[in-house]
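To keep things clear, I will list the structure first and then write my remarks on it.
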Amino acid sequence: MLKISDITYSVEGRTLVENASVTIPTGHKVGLVGRNGTGKSTLFKVIRGEMTLDTGNVQLPKDWKIGGVSQEVPGNEVSLIDTVLRADTEREALLAESETATDPARIADIQTRLADIDAWSAEARAGTILKGLGFTHAEQQQPCSDFSGGWRMRVALAAVLFSEPDLLLLDEPTNYLDLEGALWLEAYLVKYPHTVLIVSHDRELLNRSVGGILHLEDKGLTYYTGTYDMFAKQRAQKRALMASAAKKQEAKREHLQAFVNRFKAKASKAKQAQSRVKALEKMETITPPEDAARTVFTFPEPEELSPPIISTEGVSVGYDDTIILKNLDLRIDQDDRIALLGRNGEGKSTLSKMLSNRLPTKGGKMVTSNKLRIGFFAQHQVDELYVDETPLDHLFRERAQEGQAKLRARLASFGLGADQADTPVGRLSGGQKARLSLLLATLPAPHLLILDEPTNHLDIESREALVEALTAYSGAVILVSHDMHLLSLVADRLWLVSKGTVKPYDEDLEAYRKFLLSSDKPAKSDKPAKAKAPEKPKRASRDVILALKADVRKCEDRVEKLNVMSDKLATKLADPDIYEDARIGEMEVWQKKYAEVTEALEKAESLWMNALEKLEKAQA
């Protein structure tokens, strides 16, 4: 087991953990959570013995191997598969010794040990891990130098998983994985045979892959049994009880103090007053839990444009002479929330670049609103910030006319206070850099916001704040993310990027998850399926009904907005003056807008009727 006893440690004079103790039993899988900057990564260094403790100690079995993802990402000419195989140093050493050993007894010992560690299936196991993390068989034979830093981090992750240490320490492993890789890792960790401690802000990972949560807060460590959702519920209940107890104690304290103040001067009540003074002195103060400063994001609101804001007919797009996507017939309205699904390399980034006008089309027709503003956030943009400049400098470059006070207010609206505003970007945390990049992307009040992995480096509180901001935002959103929790709460449409095109995905995210994790996909049989006895329909849950009602309300709001817009355009077209020869061009523009709104209204009414039917069936 991992036993942490009364530890205290500091960094640059700041105490991160003080007198903390916890025990993690062998074989348990535990999520380490806490706000950014509380010292989670530093705790990993303490466990590995890379930091000197102020007090206390960390105990591990002597024969345990500790493994984590190396920050020295391989960039040599060794193939991916060989890089992973070399992570099992015992196997490598035994194989090397077997080439030179001459003593029959030693040779027998080597072969026995190789059999014990299943050395002969090692290449197959390494290949399976690499495949799960997104590498094809052909790519596994290529040298590490052929791949970018993010892909090499996947190789480093594959290597530590293959080596199967007794204590596996993972620090935000999904930050360099896509949705497919993150889902594969979830399933892999469930079956991992040893102890795991993982720092993560991915709620789905913490709900599916761990059986305990270690919470680092207020310089202390508290262990909770169960998934993240269970931890959140237990913590909320604990805080409510503490707040209630503190309130009751304060009322009792005021009552005792009032008696003392009233009767301390009276001889007849002196003893009773003195006893209450002693009771007050002995009373151990219950401190109510303090609410941490809440992380917020405030997106500026764009004006409303006539639908659609983007439409494509038969569009193709690619690089040089290579077509990546073709036959794209897409439509985006300003109130759309679209998640892009698809395996790595299928074209999600290509589609995002095309929609944001960063990549020209190679055929077909793409029409965008004249006044359309697009905000684009991709993870690489965090790395392109000016490390020697402050966040205030970044905003001043974009909005010098607004003045320092307003720019500081903008930074504060993204959780970057006065201290962070004047700190060079190179000294900010990953989460703070991500917030600054999000602010820069939304600065022009875009009608369409394209977000590629926006939650990397954001803690859970910041991710929840992002969900709230996107829900309140009145522009369109296109999301690429490995965070299933974010996708499930924000997206109401799913597009599958696959086989060179983009199509609506009619199933839900859970169905897509099962599809990705299914290793055995039998071909569809031509034979008709055997008829099953009809099952008695189950009544929908309360959460499902609430979600359907919310969908109905959203559809009603959309129809109402389009009706108002249609009435305004009809009034405009009813004006006889607009049909004069001098204004014929203006009349054609208004007629075109009226036709677009009419088409959108028909679609919205159809969606409304479908939503009502689903609600009625669920309530039956």
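Because only heavy atoms are used, hydrogens play no part in the values below, and waters and symmetry mates are left out as well, while side chains stay in.
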Quiz prompt | Contacts of Y224 that satisfy side-chain hydrogen bond (donor to acceptor under 3.5 Å, both in side chains) - sequence neighbours left out | solution =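 Y224 satisfies side-chain hydrogen bond (donor to acceptor under 3.5 Å, both in side chains) with no residue once adjacent residues are dropped.
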
Quiz prompt | Residue list, side-chain hydrogen bond (donor to acceptor under 3.5 Å, both in side chains) with R337, at least two apart or on another chain | solution = none

Salt bridge flag under 4.0 Å for residues [X] and [Y]:
X: R154; Y: D178; value: yes
X: R208; Y: E510; value: yes
X: R35; Y: E217; value: no

Quiz item: Would the number of heavy atoms belonging to other residues, nucleotides or ligands and lying under 6.0 Å from OH of Y319 be above 12?
Solution: yes

Quiz item: Is the ring centre of F297 less than 6.0 Å from the ring centre of Y473?
Solution: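 No, they do not, as the ring centres are separated by 6.0 Å or more.
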
Self-check item: Pair W151 + F135: ring centers closer than 6.0 Å
Solution: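 Yes; F135 has its ring centre under 6.0 Å from that of W151.
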
Exercise. Hey, could you give me each pair passing salt bridge (charged side-chain N to carboxylate O under 4.0 Å, His left out) that has a residue in residues 479-489? Not counting sequence neighbours.
Key: R463-D483

Quiz prompt | Spacing of E453 atom CD and S349 atom OG [to the nearest 0.5 Å] | solution = 9.0 Å

Exercise. Output every pair passing side chain to side chain donor-acceptor pair (under 3.5 Å) with a member in residues 493-504, not counting sequence neighbours, ordered by first then second residue.
Key: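 Of all non-adjacent pairs touching residues 493-504, those that pass side chain to side chain donor-acceptor pair (under 3.5 Å) are D336-R493.
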
Practice problem: Scan for side chain to side chain donor-acceptor pair (under 3.5 Å) pairs involving residues 364-373, sequence neighbours excluded, and state none if there are none. | Solution: E303-R373

Quiz prompt | Passing option when R513 is tested against E180, E186, E507 for salt bridge (Lys or Arg N to Asp or Glu O under 4.0 Å) | solution =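 Going through the options one by one, the only one that passes is E186.
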
Side-chain donor/acceptor pairs under 3.5 Å, residues 308-316, sequence neighbours excluded:
from : atom 1 : to   : atom 2 : distance (Å)
T312 : OG1    : L328 : O      : 2.9
T312 : OG1    : L330 : N      : 2.8
S316 : OG     : G363 : N      : 3.4

Any donor-acceptor N/O pair, [X] side chain to [Y] backbone, under 3.5 Å:
X: E139; Y: T136; answer: yes
X: T390; Y: D393; answer: yes
X: Q334; Y: L448; answer: no
X: N207; Y: D229; answer: yes
X: E346; Y: R343; answer: no

Practice problem: Fit a plane to each ring of Y512 and Y505, take the angle between them on a 0 to 90° scale, and name the class: parallel (under 30°), tilted (30 to 60°) or perpendicular (over 60°). | Solution: perpendicular

